[in-house]
Amino acid sequence: MEFAVWTKGLPALAVDCLVVGVFEEAQLGAEAKSVDAACGGRLQRLLARGDFTGRAGDTLLITEVTELPARRVLLVGLGARASLSRRSWRRAWGSAVAALARTRIASVALGLDRPPARELDDYYFGRAVAEVAGATLYRINDLKTGKKPAPVALKQVLAGPVRKGDAAARGFKHGAAITAAAAIQRDLANLPPNVCTPTFLAEEARALARRHKGLTAKVLDEPAIRREKMGCLLAVAQGSHQPPRFIVLEYRGGKAAQPPVVLVGKGVTFDTGGISLKDPPGMDEMKFDMSGAAAVIACLTLAAQLRLPLHVVGLVAAVENMPGGKAVKPADIATSAAGLTVEILNTDAEGRLILCDALHYARRFHPAAVVDIATLTGACVVALGHHHSGVMGNDQALIGQLLEAGVRAEDRCWQLPLTEEYAEQLKSNFADFANVGGRDGGAITAAAFLGKFTQGLAWAHLDVAGTAYQGGAQKGSTGRPTPLLADFLIRRAER
Ligand code: BES
Ligand code: MN
Ligand code: ZN
């Protein structure tokens, strides 16, 4: 898809369709007014008849508008004028794209009223245009055998009104890269778990590294993982016939000696719970338990594609969590790569076991910051629902950067209090600590466990159990938190 800004008046543009906004109570937006004037008051008459009210999310395609070179106008409801925000604007543009995708319209000029610049400046406007279009047009690469739906015709978007064309153009480029990255995450996470195994993830990471200049991939197989003494990761993997993989992606865009940002992803390609077996209802959703890993892989490709002047390392711990004769049992004790012993009281708390060894591996890079991304706890979903990811850590400046990136990228997270009391729930009589701390505060005790392995690092943890995928009729990966992480990396590259 191509994006550019329009400069001369919207009504004169020879595209297939003009896209303009209507506020609630049938009030034409600014560009809609100029289009209305150019077509003899046709829009105003239509509103007066009550055929369109401007309710948020509504769209109406008007065809055969012979007064305009474009001949078509898509009216888009913007909702109440006073509540026009970054979020409501993105939703309105998303519903416009969804409506356009059902037609053969190939080129549009977009003139929806914009929220105040402090919410959406020209750069973030450009980003929102490209990102929302890409995210809305994403299609699951399904295995249905019927006839494939026709490809979407929409190819060109002229957007405005814009003051700084170069800022918007940079936004288009970044927005397109962000949805491309989110699509990598979504494609990987949507795959069935019999296809997307640890070995498959490693092969995909390798393939992406070959396709992206400056990106390198190294894969540790089981003997190499053993040499790293990753006893906790291996404990999780031992119940499965699928061998584990530890993936190291590296992109060196910064100055030679720049300490990297290390992203660490939970890559449980299927989480049955192991011997602490999960209940059947909804267990299929545990194919998404590698979403953190997929986001890490996606963000490394983004850094390489945008050639960010930044040093980024991506670490992925990929395993399958299965019950079986060789599976780890409740009460087994494993020794982590850091040398600390862990009593595995619940084999379903496997994410933290693979992450603790991956986080230890991060130390060799002397990182400037470490961020792990994991569908770690059901407790985080109970606490925050599906709107915010959880964020915790030991470095408030880093956490602050992630919180702000989430707001700007419309992919928000919310901080939970990781104070030292929570670690007390992890006491064990038999090992340095247990891998679970009881039901209460479960998202935080999971983070407290990771905190044992990140002392001396600037570390933050994103629990994306409630945000990385959705259930119900729209079941599938959301691509979160790739937009958040992308914004974080882009900002960091500018420092
Ligand atoms: N992958 C799950 C967490 C999860 C739950 C992700 C729901 C997405 C939706 C994780 O490995 C897990 O099973 N966590 C346990 C931890 C418990 C045993 C302490 C949980 O949340 O129940
Ligand atoms: Mn689990
Ligand atoms: Zn899990």
Side-chain angles (χ1 to χ4, degrees), residues 189 193 196 198 201 232-233 235-237 239-240 242 244 264-295 316-323 327-332 342-358 372-390 392 416 422-423 425-428 433-450 461-472 475-478 480-481:
C196 186
L201 267 187
C232 286
L233 188 159
V236 179
S240 172
Q242 294 293 338
V264 179
K266 171 179 174 182
V268 177
T269 60
F270 196 76
D271 181 13
T272 64
I275 297 298
S276 314
L277 195 62
K278 285 182 184 294
D279 273 350
M283 203 206 273
D284 65 289
E285 292 184 358
M286 286 302 123
K287 74 170 184 176
F288 298 112
D289 214 18
M290 36 58 73
S291 296
V316 167
V319 298
E320 193 182 60
N321 187 24
M322 295 288 276
V328 71
K329 304 172 293 299
D332 281 1
V342 180
E343 187 185 14
I344 301 176
L345 288 176
N346 189 322
T347 66
D348 198 10
E350 84 297 341
R352 63 199 78 181
L353 294 173
I354 67 173
L355 288 173
C356 73
D357 283 344
D372 78 74
I373 303 100
T375 45
L376 203 62
T377 64
C380 191
V381 190
V382 173
L384 298 176
H386 302 283
H387 305 296
H388 287 80
S389 306
M392 286 152 272
L416 299 176
Y422 291 93
Q425 289 173 233
L426 299 170
K427 282 196 174 133
S428 160
F433 23 81
N435 74 329
V436 288
R439 199 182 59 140
D440 300 343
I444 307 177
T445 52
F449 180 91
L450 301 178
H461 157 63
L462 283 169
D463 191 332
V464 296
T467 53
Y469 67 92
Q470 57 196 15
K475 188 189 273 188
S477 170
T478 59
R480 295 177 66 183

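Quick note: numbers below take in every heavy atom, side chains included, and nothing from hydrogens, waters or symmetry partners. Both ligands and their constituent atoms are indexed starting at 1 by order of listing.
Protein heavy atom closest to atom 16 (C) of ligand 1, with residue, atom name and distance, is R352 NH2, 3.8 Å. Among protein heavy atoms, atom 18 (C) of ligand 1 sits closest to N346 ND2, 3.4 Å. Shortest contact from atom 6 (C) of ligand 1 to any protein heavy atom: A465 CB, 3.6 Å. With hydrogens left out, the protein atom closest to atom 19 (C) of ligand 1 is V436 CG1, 3.5 Å, a heavy atom. Looking at atom 10 (C) of ligand 1, its nearest protein heavy atom turns out to be L376 O, 3.3 Å. Ranking the protein heavy atoms by distance from atom 2 (C) of ligand 1 puts D271 OD2, 3.6 Å first. Looking only at protein heavy atoms, the nearest one to atom 7 (C) of ligand 1 is M286 CE, 3.7 Å. D348 O, 3.2 Å is the protein heavy atom nearest to atom 12 (C) of ligand 1.
Taking a cut-off of under 4.0 Å to the non-hydrogen atoms of T375, the atoms of ligand 1 that pass are 1 (N), 2 (C), 3 (C), 6 (C). When each atom of ligand 1 is checked for a heavy atom of K266 under 4.0 Å away, the hits are 1 (N), 10 (C), 11 (O).
Using a 4.0 angstrom heavy-atom cutoff, M290 does not count as in contact with ligand 1. Under the 4.0 angstrom criterion for non-hydrogen atoms, Y469 is in contact with ligand 1. The closest approach between E285 and ligand 1 stays at or above 4.0 Å for every heavy atom of the residue. Ligand 1 lies out of reach of R439, whose nearest heavy atom is not under 4.0 Å from it.
Closest to the Zn ion (ligand 3) among the N, O or S atoms of D271 is OD2. Within D289, the N, O or S atom at minimum distance from the Zn ion (ligand 3) carries the name OD2. Closest N/O/S atom of D271 to the Mn ion (ligand 2): OD2. Of all N/O/S atoms in E350, OE1 sits nearest the Mn ion (ligand 2).
Although no hydrogens or angles enter the test, the distance criterion places a donor-acceptor pair under 3.5 Å between the side chain of R352 and the main chain of N435. A side-chain donor-acceptor contact under 3.5 Å links Q425 to the backbone of G437. At least one donor-acceptor pair closer than 3.5 Å links the side chain of D463 to the backbone N or O of L376. Judged by distance alone, with hydrogens and angles left aside, the side-chain atoms of S428 form no donor-acceptor pair with the main-chain N or O of F433 at under 3.5 Å.
Remark: at the Zn ion (ligand 3), atom NZ from K266 and atom OE2 from E350 enclose 90°, rounded to the nearest 10 degrees.
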query = Can you check side-chain contact (heavy atoms from CB on, under 4.5 Å) on L355 and F449, steps first, answer last?
reply = CA-CA 10 Å; L355 288 173; F449 180 91; over 6 Å; no
inquiry  = Run the side-chain contact (heavy atoms from CB on, under 4.5 Å) test on K266 and I354 for me, step by step, so that the C-alpha distance in whole Å, both residues' side-chain angles and the decisive distance to 0.1 Å come before the verdict.
reply    = CA-CA 7 Å; K266 171 179 174 182; I354 67 173; 4.0 Å; yes
inquiry  = If you apply the rule side-chain contact (heavy atoms from CB on, under 4.5 Å), what do you find for M392 with I444, and how did you get there?
reply    = CA-CA 8 Å; M392 286 152 272; I444 307 177; 4.2 Å; yes
ask   = Does the pair S240 and N321 meet the rule for a side-chain contact (heavy atoms from CB on, under 4.5 Å), with working shown?
value = CA-CA 7 Å; S240 172; N321 187 24; over 6 Å; no
task = Give the intermediate values and the outcome of side-chain hydrogen bond (donor to acceptor under 3.5 Å, both in side chains) for residues T375 and S291.
result = CA-CA 7 Å; T375 45; S291 296; 5.5 Å; no
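Protein heavy atoms come within 4.0 Å of atom 14 (N) of ligand 1.
Considering both main-chain and side-chain atoms, E350 comes within under 3.5 Å of ligand 1 through a nitrogen or oxygen pair. Residue G378 has at least one N or O atom closer than 3.5 Å to an N or O atom of ligand 1.
Within the 4.5 Å cutoff, no side-chain heavy atoms of T269 are placed close to those of V319.
A salt bridge does not link K287 with D271: none of the charged nitrogens is closer than 4.0 Å to a carboxylate oxygen.
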